Structure formats: C-alpha cells, structure tokens
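To start, the structure itself, in structure tokens.
Numbered from 1 within each chain, the chains take letters A, B, ... in sequence-line order. On a predicted model such as this, the values are computed, not experimentally measured, just so you know.
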Amino acid sequence: MPELPEVETVRRQLEPLIAGRQVLGFGVMPGAERLMRGRSAPEVDAQLNGRTFTSVTRRGKYLGLNLDNGQVVVVHLRMTGSLRFRASGHEEEAFTRAAFDLDGGDQLRFVDVRKFGTIDLVERMEEALPELGPEPLSDEFTVDALWHALRGRQIAIKAALLDQANIAGIGNIYADEALFLSRLNPEAPAGSLRPAERRELHAAIRRVLEDGVAHGGASFRDYTDVDGAEGEQQYFVRVFRRTDEPCDDCDATIRRIVVGGRATHFCPKCQPVRHRNRQVKSTRPRRAGGTLKPR
DNA sequence: CGTTACCTGAAA
DNA sequence: TTTCAGGTAACG
C-alpha cells in the first residue's frame, strides 16, 4: 500500500525515534513466520541482540534500519504493512506480526493485516533489493533517465511507471496522478512519448511525489504513520479513486479502467487517446512513434 | 508480455 | 456473497 511518499514519511518519523536505541530482542508472532523469508526469527533475534540502530534510509519503497555494526534491517511494507513506534506499556494492536524490543521498554512493531510485508537482516542493503530504477526525487532522475527506461517499449505507460526496475517508488496512486498532471493517456505505449511529453511526465512525477511527502502520504485504506496517524494526501488527489466524479479541470467524468492488472483512474477528456499518425493508404500497423533504438 | 497467487478484512 | 485493495514474485 505505501508508495514512496508514505515510506519516506515513515523514514523521517522513525529515524529520530530509534537512532541511538539498543535492540534487546526481536520476535515474530505465530503464523507470521513467512515475513522473514525463510530465515528463522530466533536466529535474527540472536544477531540483533545488543545492536544499536544508527539511522534509517530509504530506497524506492524499501526501508533500511541501519545498525551500529553495519548490518541493515530491510523492511518492505507491501500492501498493508506499517511500522509503529510504541512507548513502554502501550497495548498491542491487532495484526502485530513482529516486534523489536528497545532499551527502556519501547517497541517498534510491524503491523500487517495481509502478511505480505517482509523483514530481512543483511550485511548491505542492496542484498535485500531487487533491480531498482533511479530514485525519482534524486538528481540522477533526469528526463534522459526517464526516457532511457521508456524508449522502445510498447507496454502501457501506466504499467511502465509501476515497474520498479524503471523508476523506484511509484505505485498505483502516484502513477495515476502523474499521468493526469501530464495529460497522458494511461494506455499510451511507453515508448511513444514525444520530447515535450517526456519533460511533462518527468516534472509531474516529481511534483506528485513531493506533494505526497509534503502531505505526509495518502491514507485511503490502511496506511498510517509511525504514530498510527493518517496522511492528508488523499484529500488532494485529482483522479485516484474518484471514479464517476467530475474532473477538476474540465468537468468530464473520471473513468476507471484496468491497465496492467491494476485499477487505473483518468479523465478521458484531459487524457485523450492519442491517435497514431493516420496514413490514408497503408493498413500495415505502424510503430507507435518514438525513437526505436535498441535499449 | 499479461495473469495468478500470496492473505485478510472492509465495502458493495 | 462477491469484489476489491498504496505490491510484487512466480507463473505460462
């Protein structure tokens, strides 16, 4: 559920709460063992015991809880996971799947209804990460970097934005919002974007993610921050989960379709299907524009 | 490449 | 009762 802005919100809150705190124990609740991806909780507990958290980093939707010996606890919240920092004596919330006991009795809890989230303990963060594209809020994310990921590809631009190997951290909310801001149809082939459209999409991605962070993330369903509080970004979305509502910009009715297996929301008037350049004679399908160079 | 599985609860 | 869900890996 959490995308880059939600994960970054957690990172910012969590770092000052756990930096300098010592781990006295770690445990996984019965029935939730899979979140350790095959590693045994007692073994991880033994490795963590006595270690101290130093900082919290983020890569895409992954969090790295850094330890004083260089090791990293890598957390992915997937759909419904959340990390909660709770003071000593706080009652246990439902769906707590794992917990770190900190010095002083405070707890860092991993709460996750659907049990899709994961926790890894590794020597270096990269060991726990799949192939990830550039960080969209970093300097390495340029229009050229975006185009490098899209050029020559026939898949829908929406699906391309969700592929973490292209750009790290975009999920279903921010993909729809970025496409709305850049007025691109979600089903347009990724490699068909013209130069001006690439620049607009690049700027839109930056903008929606920055807005999301500024509003503390979006809480449509399960997302809550480290205190259990909701974000505000859901009040600012332009199309996401606004099916049948009027578009803010043109009053047309927002539609919901499925692209790449995911619900996709867009304004059919602001984000029209772009026709291939019509050719009167030829019935042979043309490549849908774009520069077709090998990747 | 698109589709299915992984889980569970809330909403339709 | 059925459908849907901020994600991703494993299918075919």
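Contact between A:Gln234 and A:Gly231 at its shortest, heavy atoms only, is NE2-O, 3.0 Å. The two residues A:Phe53 and A:Val23 have their closest heavy-atom pair at CE1-CG2, 3.5 Å.
Among the protein residues, A:Phe95 comes within range of the sugar-phosphate backbone only, with heavy atoms under 4.0 Å from sugar or phosphate atoms but none that close to a base. Within 4.0 Å of A:Ala263, counting heavy atoms only, lie sugar-phosphate atoms of the nucleic acid but no base atom. Within 4.0 Å (heavy atoms only), A:Gly171 reaches sugar-phosphate atoms of the nucleic acid but no base atom.
Side-chain proximity of A:Arg256 to the nucleotides C:dG7, C:dA9, C:dA5 is greatest for C:dA5. The side chain of A:Arg78 sits closest to C:dG7 out of C:dA5, B:dC6, C:dG7. Distances were taken from every side-chain heavy atom of A:Pro130 (C-beta onward) to each of B:dC7, C:dA9, C:dG7; the shortest belongs to C:dA9. Relative to the side chain of A:Arg221, the nucleotides B:dG9, C:dG7, C:dA9 differ in distance, and B:dG9 lies closest. Taking the side chain of A:Val113 as heavy atoms from C-beta on, and the options C:dT8, B:dC6, B:dT8, the nearest nucleotide is B:dT8. Checked against C:dG7, B:dT8, B:dC1, the side chain of A:Arg153 finds its nearest nucleotide in B:dC1. Counting only heavy atoms from C-beta on, A:Arg97 has its side chain closest to B:dT8 among C:dA9, B:dC7, B:dT8. Considering only the side chain of A:Lys61, C:dT8 comes nearest among B:dC1, C:dT8, C:dA5. Here the nucleotide nearest the side chain of A:Gln164, chosen from B:dT8, C:dT8, C:dC4, is C:dT8. Proximity note for A:Asn172 (side chain, C-beta onward) versus C:dA9, C:dG7, C:dA5: the nearest is C:dG7.
A salt bridge is defined here as a Lys NZ or Arg NE, NH1 or NH2 lying under 4.0 Å from an Asp or Glu carboxylate O, and A:Lys61 with A:Glu3 fails to meet this definition.
In this structure, the CG atom of A:Leu129 is 15 Å from the C1' atom of C:dA9, given to the nearest Å. Distance A:Leu77 CG to C:dT8 C1': 13 Å, rounded to the nearest Å. Here C:dC4 presents its P atom at 17 Å from CZ of A:Phe220, a figure rounded to the nearest Å. Going from atom CZ of A:Arg34 over to atom C1' of C:dG7 covers 14 Å, rounded to whole Å.
Side-chain atoms of A:Asp45 come within 3.5 Å of backbone N or O of A:Phe26 as a donor-acceptor pair. Side-chain N or O atoms of A:Asn166 include none that pairs as donor or acceptor with a backbone N or O of A:Leu161 at under 3.5 Å.
Nucleotides C:dT1 and B:dC7 are separated by 22 Å at their P atoms, to the nearest Å.
B:dC6 has its base stacked against the ring of A:Phe116, the centroids being under 5.5 angstrom apart at an interplanar angle below 30°.
Taking a pair as Watson-Crick or G-U wobble with both distances under 3.5 Å, DNA chain C forms stems of 3 or more consecutive pairs at B:1-6 with C:7-12, B:8-12 with C:1-5.
Atom CZ of A:Arg124 sits in a sparse spot, with 12 or fewer heavy atoms from other residues, nucleotides or ligands closer than 6.0 Å.
One side chain, A:Glu6 or A:Tyr174, offers a donor N or O that lies under 3.5 Å from an acceptor on the other.
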